[in-house]
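So the structure is just underneath, and the comments pick up after that.
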Protein chains: 2
Amino acid sequence: MRKIAESTVRRLSLYLRLLEEFEEQGAETVSSEALASRGGTTSAQVRKDLSFFGSFGKRGLGYSVGELVRRLREILGLGRTYRVAMIGAGKIGSALVQYRGFRQRGFEVVSIFDVDPAKIGRSWNGLTVQSVVSLEGELRAHPVEIAVIVTPADAAQALTGRCVALGVKAILNFAPVQLTVPDEVVVKTVNLALELETLSYALTNR
Amino acid sequence: MRKIAESTVRRLSLYLRLLEEFEEQGAETVSSEALASRGGTTSAQVRKDLSFFGSFGKRGLGYSVGELVRRLREILGLGRTYRVAMIGAGKIGSALVQYRGFRQRGFEVVSIFDVDPAKIGRSWNGLTVQSVVSLEGELRAHPVEIAVIVTPADAAQALTGRCVALGVKAILNFAPVQLTVPDEVVVKTVNLALELETLSYALTNR
DNA sequence: GGGCTTTTGTGAAAGATTTCACAAATCTAG
DNA sequence: CTAGATTTGTGAAATCTTTCACAAAAGCCC
Ligand SMILES: NC(=O)c1ccc[n+]([C@@H]2O[C@H](COP(=O)([O-])OP(=O)(O)OC[C@H]3O[C@@H](n4cnc5c(N)ncnc54)[C@H](O)[C@@H]3O)[C@@H](O)[C@H]2O)c1
Ligand SMILES: NC(=O)c1ccc[n+]([C@@H]2O[C@H](COP(=O)([O-])OP(=O)(O)OC[C@H]3O[C@@H](n4cnc5c(N)ncnc54)[C@H](O)[C@@H]3O)[C@@H](O)[C@H]2O)c1
């Protein structure tokens, strides 16, 4: 498959959410202009983004909401569920485990790990926090595609290495460090302090 | 000030964090190459990013760590503290309020609001959750520059409007909706489901 | 001081992304 | 069936971002 820009993929994900809203409201078709204005972009951008993957619309009419939803799910790889391990049962980890939006989208947390004896054994959402010592045993018995790292920064790289050795293919990292992984593993780091700093920059330079 | 790309600002924030690590390790100077390799970018990129704001290095030597930290803090507007209101005292809101990384960086949560009577009156970090009914009174008495929206999506736009009317200049939004604000207000939306979907896309298309 | 080494700062080139603009397709109404 | 109104799909142009490559500056050593 031809190389697609990350910005395009992010917008496809946005379009999918908007289309689901249109669907709920009972819309049968939607134009690139309607999608664009709800999504804060331009109609040309919407059409160009979609055109990388095929031609899904009808000239003069727009796109069938139901069909475009189906196509976008397929393009984004959301036609299946992903098994997720949560590494860290702290404040962010517990918020993420209890978030229903993930399972709704096909991301199912199947195990949670921590080092803190005070947290091991507790249950959230019917899942018991396990000792990180049993990471290897557990993930070999019940493999996952995705690991979410929500531990302090200094533990993140070592845990990432262990996950990768266990066959994890993608990592969502909340620790403020640059993780190193082999080429075939995908990492996405979410740095919330950095988001606040872009706001600070914008407030300062205007 | 000349228009600076968002990607550049994000990297500046990254450089700042890396420089603080170098500083802790006792480094006096650092080269663009050293910063680049720790940050996963290129030395030319580092130098170009910095060059938009001035020339901070010494040829043949590199950058003084201490001075560059100072300059980046200034550029990013981190030479002051920002007052923050947390709108929503749910799972994500409570994790953010208790996060020390924000205050460390100069972002101080000074009030928390919720509608849920079960949450109003509880205290975190010495801060009491207030009824969202008193948002106007409270923010007029104690103004904030930044609001963090961590409520369900359907409440987010209305709360945003109220915050903007109260003089809030920047919004960090965790609800999965596109917020509409006047031009002079900055919004940054963090959509965690979308981050997982970019992983899903990457896993699917390889 | 002069030669050698290192590393910055920056125009210019290359590459990537967005916007433009319009032919082609499809629908609607008469 | 034709005319008119919409709206897509897409090359080409415009804009934005990254990379290249090298002169200039600064330290170091003899
Ligand atoms: N809380 C926030 O709002 C927030 C915001 C931005 C970034 N972060 C980052 O997210 C990460 C987690 O933050 P948090 O607030 O949830 O912290 P936390 O301290 O509440 O949770 C971290 C958890 O990781 C566990 N842990 C430590 N070492 C471990 C190991 N080797 N293996 C398994 N578990 C281990 C700890 O026992 C703890 O339960 C941190 O890196 C933090 O910088 C948090
Ligand atoms: N928890 C997560 O991991 C996660 C991940 C991604 C996105 N989000 C998004 O973040 C937002 C908050 O998520 P959460 O998990 O913390 O939900 P939550 O239900 O735990 O918390 C939401 C809080 O907002 C309060 N609230 C509702 N209406 C309000 C109003 N009008 N004014 C003030 N407060 C109001 C509720 O009482 C509740 O305490 C949601 O939009 C969610 O989609 C959460």
Side-chain angles (χ1 to χ4, degrees), chain A residues 1-15 18-19 22 27-72 75 178 198 201-202 205, chain B residues 1-15 18-19 22 27-72 75 178 198 201-202 205:
Chain A
M1 152 114 11
R2 156 97 177 288
K3 174 73 170 29
I4 300 294
E6 158 122 4
S7 52
T8 293
V9 176
R10 296 180 73 86
R11 283 190 301 267
L12 292 180
S13 176
L14 167 66
Y15 302 154
L18 298 175
L19 284 162
F22 277 109
E28 299 266 304
T29 64
V30 72
S31 67
S32 56
E33 180 49 41
L35 265 181
S37 72
R38 280 241 209 159
T41 179
T42 66
S43 63
Q45 182 79 81
V46 171
R47 296 197 300 277
K48 181 64 96 182
D49 287 339
L50 295 175
S51 76
F52 295 130
F53 298 92
S55 94
F56 309 127
K58 275 215 174 54
R59 295 176 185 213
L61 234 202
Y63 301 86
S64 149
V65 174
E67 197 204 325
L68 195 50
V69 162
R70 220 171 311 120
R71 295 303 200 105
L72 287 176
I75 290 166
Q178 196 73 13
T198 65
Y201 175 83
N205 303 89
Chain B
M1 152 117 7
R2 154 96 179 288
K3 175 73 170 31
I4 300 294
E6 158 123 4
S7 51
T8 293
V9 177
R10 296 180 74 85
R11 281 190 302 268
L12 293 179
S13 175
L14 168 65
Y15 302 154
L18 298 175
L19 284 163
F22 278 108
E28 298 267 304
T29 63
V30 72
S31 67
S32 56
E33 181 50 40
L35 265 181
S37 74
R38 280 242 209 157
T41 178
T42 66
S43 63
Q45 181 80 81
V46 171
R47 296 198 299 278
K48 181 63 98 181
D49 286 340
L50 295 175
S51 77
F52 295 130
F53 298 92
S55 92
F56 309 128
K58 274 214 172 54
R59 295 174 186 219
L61 236 201
Y63 302 86
S64 149
V65 174
E67 198 205 324
L68 196 49
V69 163
R70 219 170 312 117
R71 295 303 200 104
L72 286 176
I75 290 166
Q178 194 74 15
T198 66
Y201 176 84
N205 302 89

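On a predicted model such as this, the values are computed, not experimentally measured, just so you know. Letters go in sequence order (proteins before strands), and every chain restarts at 1.
For C:dT8, the OP1/OP2 oxygens have a side-chain nitrogen or oxygen of B:Ser32 closer than 4.0 Å. Between A:Tyr63 and C:dT26, a side-chain N or O to OP1/OP2 separation shorter than 4.0 Å is absent. An OP1 or OP2 oxygen of C:dT18 is reached within less than 4.0 angstrom by a side-chain nitrogen or oxygen of A:Arg11. Applying the 4.0 Å criterion to OP1 and OP2 of D:dT17, one finds that B:Gln45 has every side-chain N and O outside that range. Residue A:Thr42 places at least one side-chain N or O closer than 4.0 Å to OP1 or OP2 of C:dT19. Residue B:Ser55 places none of its side-chain N or O atoms closer than 4.0 Å to OP1 or OP2 of C:dT8.
For B:Phe52 and C:dG11, the CZ to P distance is 11 Å, given to the nearest whole Å. Put simply, CG on B:Leu50 is 10 Å from C1' on C:dG9, counting in whole angstrom units. D:dT8 atom P lies 18 Å from atom CZ of A:Phe53, rounded to whole Å. Put simply, CD on A:Glu33 is 13 Å from P on D:dT6, counting in whole angstrom units. The nearest whole Å value for the distance from the CD atom in A:Glu6 to the P atom in D:dT18 is 13 Å.
Across the interface with DNA chain C, nearest-nucleotide mapping of B:Val30 and B:Lys48 shows B:Val30 to be the residue nearer the 5′ end. Residues B:Ser7 and A:Arg47 both approach DNA chain D. Their nearest nucleotides, taken by heavy-atom distance, put A:Arg47 toward the 5′ side.
The nucleotide whose nearest atom lies closest to any side-chain atom of B:Arg59 is, among C:dA21, D:dA24, D:dG27, D:dA24. You'll find that the side chain of A:Lys58 is closest to C:dC27, out of C:dT8, C:dA23, C:dC27. Distance from the side chain of B:Ala5 is smallest to D:dT17 among D:dT17, D:dT8, D:dA26.
Heavy atoms of other residues, nucleotides or ligands lying less than 6.0 angstrom from CD of A:Glu28 number 12 at most.
When each of B:Val46, B:Thr41, B:Asp49 is paired with B:Leu35, the side chain to side chain contact (heavy atoms under 4.5 Å, CB included) condition holds for B:Val46 and for no other.
The nearest pair of heavy atoms linking A:Leu19 to A:Val65 is O-CG1, 3.6 Å. Of all the heavy atoms in A:Phe56 and A:Glu67, the pair that sits closest is O-OE1, 4.3 Å.
Both the sub-6.0 Å distance and the 45° axial angle are satisfied by B:Arg38 relative to the ring of B:Phe22.
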